[in-house]
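Single-structure report; data block below.
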Amino acid sequence: MQKLRTIKGTHDILPWESHKWQKIESVLREVFAAYAYKEVRTPVFEYTALFARGVGEFSDIVSKEMYTFEDKGGESLTLRPELTASVARSFIQHNYQQEAPLHKLWYLGPLFRQERPQAGRQRQFHQFGIEVIGSPHPEADAEVIELACRVYRALGLRNWELHINSIGSIEARKNYMDILRAALEPHKDGLCDTCRERFHGNILRLFDCKNPECGRIMKAHAPAILDHLSPEDTEHFNALRNYLDAVGIPYVIDPALVRGLDYYTRTTFEIKGTALGAQDALCGGGRYDLLIRDLDGPDTPAVGFAAGMERLILAMDAEGLFEQESDGLDLYIAPMDSRCLEKVLPLVTALREKGYRVQLELLRRSVKAMLRDANRQQVQWVAVVGEQELEKRSMNLKNLRENDQLETAWDEIGAVLDRTSKRKPI
RNA sequence: GUGGAUGUAGCUCAGUUGGCAGAGCGCUUGGUUGUGGCCCAAGUGGUCGUGGGUUCAAGUCCCAUCAUUCACCCCA
């Protein structure tokens, strides 16, 4: 270690940026509460096997992006690269299904993946998300999607669009992959190298390729997965669409939206930020009816989404949605010297106890400097405290926003501050 | 893991054919013996990412290295 600095791909949330996180978090809590979701918090590290089994051993995340290490007992542990597996583990471990037939959960926390950083992608990043565990019905999918959209609307974000698709049940998907392979076989030579490699593995990934030639071939010759679903899958998808239509959520049906982690079944969806760079997925999710069973839990259907905090902040910054928020300080006490400070200290403490936000000068600066500082901090009221004020047990409360001043007895101060304060007693 | 771009003051950036390190903003102080903003003035602040090399002389040219960043891969 030469210079002390953050690890590649990690960032400090600086004191003058943290308000952005707090604003988003408070809106999230309100939205989740309105939809009756409960928060779940799980540890940031888990046994490696959880992710290997839950996410899929051959997925990129597990095979090359995890922070895995051995503890002193020789156990292989991993910093969580995603949260759905952890929530599923918690569900199984604590037998949630014994408590109630349906659980609606939300989470927010840091995740870790060892990738090359770029715009909208860090090695430590944060996701919030929800999981509805227990319902196989399309109304659960609809609620999850509608809730995701609600979050972005509630935050005032405009430049995004919802993409939905269905990749069907396991059987329908296997069937479709054979059909796709057969349809593309004659055009195989025109595909790029990676696509030719994937041809015999997960052929669905060919939809993701950004090579223009591959895109042309897929568009011309690949049959749509929606045409090859089982009748039950189709019914589920149509019901979802009806629900979305009923609540006025516009969406794009995107047959190429086949990605995601190994555990998805039927519904997949994504919310794309239309003003972002290459990393434009604000939110991704879908149904995962098999995950909990695959982790040796009870056969339990589930649907959810995960959304990136950092990308959301990028998108909101691009739309100028973070106003310069003041700290809402009620009063700035500017003592003329240390003796005056000592004498007003009990008053300051008493006001803070009642919940007023009071800034007290700690640098022994000049009156002019203190006033300047108070102005910079957008404090509502400021009081210079010298010998006169101590003798009369009153102070001139100067309203920095209205530019007037009124003499106030010490025990009247609260009443004046109440005109503008948003205090809550502590 | 692959490819491109960029590293100069706290921030955003100038810096000419190689010739004494700059601006704006910010911050501090002063212009008022106890009163902010606007204005004016002064001040603070840089091992020029790091290590080698070429040269009388390197922020500038060469090599290496580290970091940041954008894109690929993949994903939130």
Side-chain angles (χ1 to χ4, degrees), chain A residues 1-3 5-11 14 16 55-56 58-66 81-84 107-129 148 151 160 192-195 197-198 202 205 208-211 257 259-261 269-273 276-285 304-315 332 334-337 340 363 365-390 395-405:
Chain A
M1 192 198 305
Q2 313 92 331
K3 286 182 183 172
R5 52 161 301 118
T6 50
I7 294 165
K8 181 198 282 281
T10 69
H11 294 284
L14 298 170
W16 46 89
V55 182
F58 302 107
S59 67
D60 282 22
I61 289 179
V62 172
S63 62
K64 55 188 197 194
E65 295 173 2
M66 294 204 306
E82 60 111 51
L83 263 160
T84 299
Y107 56 75
L108 167 65
L111 307 181
F112 307 85
R113 292 182 199 169
Q114 189 158 192
E115 303 177 89
R116 278 286 269 275
Q118 69 184 82
R121 186 169 66 200
Q122 287 82 43
R123 290 186 169 185
Q124 174 175 345
F125 61 106
H126 298 75
Q127 285 185 354
F128 61 88
V151 166
W160 54 272
C192 71
D193 294 346
T194 41
C195 283
E197 270 175 41
R198 286 171 173 169
N202 189 350
R205 294 246 184 250
D208 297 337
C209 187
K210 286 172 186 167
N211 181 310
L257 183 56
R259 2 182 227 164
L261 312 176
F269 73 96
E270 188 168 302
I271 293 176
K272 289 178 189 290
L276 291 179
Q279 308 302 324
D280 65 349
L282 283 171
C283 171
F305 73 74
M309 282 289 280
E310 284 83 357
R311 288 181 190 180
L312 173 56
I313 289 172
L314 284 178
Y332 189 110
M336 306 267 312
D337 55 44
C340 297
L363 285 174
R365 282 177 289 188
S366 68
V367 170
K368 178 182 181 131
M370 290 190 285
L371 266 288
R372 194 164 42 223
D373 189 34
N375 184 64
R376 197 173 15 230
Q377 295 188 48
Q378 299 179 277
V379 183
Q380 180 75 43
W381 300 93
V382 60
V384 175
V385 178
E387 294 295 339
Q388 295 169 30
E389 286 77 8
L390 291 174
M395 29 179 93
N396 278 314
L397 288 184
K398 184 185 176 85
N399 189 334
L400 284 185
R401 302 188 193 169
E402 312 270 319
N403 201 20
D404 61 353
Q405 197 159 302

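Note on naming: letters A, B, ... go to the chains in the order of the sequence lines (proteins, then strands), and numbering restarts at 1 for each one.
Taking atom C1' on both B/U29 and B/U69, the two are 38 Å apart, rounded to the nearest angstrom. Across the P atoms, B/C62 and B/G18 are found 11 Å apart, a figure rounded to whole Å. When the P atom is compared between B/U47 and B/G10, the two are found 8 Å apart, to the nearest whole Å. One C1' atom belongs to B/A9, the other to B/C72, and the distance between them is 36 Å to the nearest Å. A distance of about 25 Å separates the P atoms of B/C75 and B/G4, rounded to the whole Å. Between the C1' atoms of B/G59 and B/U8, the separation comes to 7 Å (whole Å). Spacing of P atoms, B/A21 relative to B/C25, comes out at 24 Å, to the nearest Å. One C1' atom belongs to B/U32, the other to B/C39, and the distance between them is 15 Å to the nearest Å.
Residue order along RNA chain B, read from the 5' end via each residue's closest nucleotide, puts A/Lys8 first among A/Lys8 and A/Leu282. If you find the closest nucleotide of RNA chain B to A/Arg123 and to A/Ile7, the one lying nearer the 5' end belongs to A/Ile7.
What you find for A/Ile271 and A/Ala148 is that their closest heavy atoms are CD1-CB, 3.9 Å.
Nucleic acid contact for A/Ala374: none, since no nucleic acid atom lies under 4.0 Å from a heavy atom of the residue. At a threshold of 4.0 angstrom between heavy atoms, the contacts of A/Gly120 include nucleobase atoms, whether or not backbone atoms are also involved. At a threshold of 4.0 angstrom between heavy atoms, the contacts of A/Gln122 include nucleobase atoms, whether or not backbone atoms are also involved.
Nucleotide B/G46 is matched to nothing when pairs are restricted to Watson-Crick or G-U wobble geometry with both distances under 3.5 angstrom. Both distances falling under 3.5 Å, in either a Watson-Crick or a G-U wobble arrangement, place B/A41 opposite B/U29. The base-pairing partner of B/A9, taking Watson-Crick or G-U wobble contacts with both distances under 3.5 Å, does not exist among the strands shown. Remark: B/A14 base-pairs with no nucleotide; criterion is Watson-Crick or G-U wobble with both hydrogen-bond distances under 3.5 Å. In a base pair of the Watson-Crick type (N1 to N3 plus N6-O4 or O6-N4) or a G-U wobble (N1-O2 and O6-N3), with each distance short of 3.5 Å, B/G36 is matched with no nucleotide. With a cut-off of 3.5 Å on both Watson-Crick or G-U wobble distances, the partner of B/C75 is given as none. Base-pair partner of B/G3: B/C70 (Watson-Crick or G-U wobble, both distances under 3.5 Å). Both distances falling under 3.5 Å, in either a Watson-Crick or a G-U wobble arrangement, place B/G19 opposite B/C56.
Straight-line distance from the CG atom of A/Asp280 to the P atom of B/C72: 10 Å, rounded to whole Å. As a whole-Å value, the separation of A/Gln114 CD from B/G1 P is 8 Å. At whole-Å resolution of the value, CD in A/Glu65 and P in B/C75 are 8 Å apart. For the pair A/Gln279 CD and B/A71 P, the interatomic distance rounds to 7 Å; values are reported in whole Å. In this structure, A/Glu115 atom CD and B/C75 atom P are separated by 9 Å, rounded to whole Å. Between A/His126 atom NE2 and B/A76 atom C1' there is a gap of 12 Å when expressed in whole angstrom units. When rounded to the nearest whole Å, the span between CZ of A/Arg5 and P of B/U50 equals 14 Å. Here B/A76 presents its C1' atom at 7 Å from CZ of A/Arg113, a figure rounded to the nearest Å.
With 3.5 Å as the limit, one finds a donor-acceptor pair spanning the side chains of A/Asn399 and A/Gln380.
One finds the CD atom of A/Gln124 at 6.5 Å from the OG1 atom of A/Thr10 (value rounded to the nearest 0.5 Å). Taken from CG in A/Asp280 to CG in A/Leu314, the straight-line distance is 12.0 Å, to the nearest 0.5 Å. Taken to the nearest 0.5 Å, the OH atom of A/Tyr332 stands 8.5 Å off from the CG atom of A/Leu371. Rounding to the nearest 0.5 Å places CD of A/Gln122 at 12.0 Å from CE of A/Met309. Here the CZ-CD distance, from A/Arg311 to A/Gln127, works out to 8.5 Å after rounding to the nearest 0.5 Å. The distance from atom CD of A/Gln405 to atom NZ of A/Lys398, rounded to the nearest 0.5 Å, is 5.0 Å.
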Using a cut-off of 4.0 Å between protein heavy atoms and nucleotide atoms, how would you tag nucleotides 4-13 of chain B 5' to 3' with B, S and -? ----------
Classify every nucleotide of nucleotides 26-37 of chain B by which part a protein heavy atom approaches to under 4.0 Å, writing B for the base, S for the sugar-phosphate alone and - for neither, in 5'-to-3' order. -SSS-B--BBBB
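Here the side chain of A/Arg365 pairs no donor or acceptor atom with the backbone of A/Ala334 at under 3.5 angstrom.
More than 12 non-hydrogen atoms from other residues, nucleotides or ligands lie less than 6.0 angstrom from CG of A/Leu14.
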Could you walk me through whether A/Ile313 and A/Glu310 pass the side chain to side chain contact (heavy atoms under 4.5 Å, CB included) check? CA-CA 5 Å; A/Ile313 289 172; A/Glu310 284 83 357; 5.7 Å; no
Residues A/Val384, A/Met370; criterion side chain to side chain contact (heavy atoms under 4.5 Å, CB included); working and verdict: CA-CA 9 Å; A/Val384 175; A/Met370 290 190 285; 5.6 Å; no
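Between A/Gln118 and B/A71 there is a side-chain polar atom (N or O) within less than 4.0 angstrom of OP1 or OP2.
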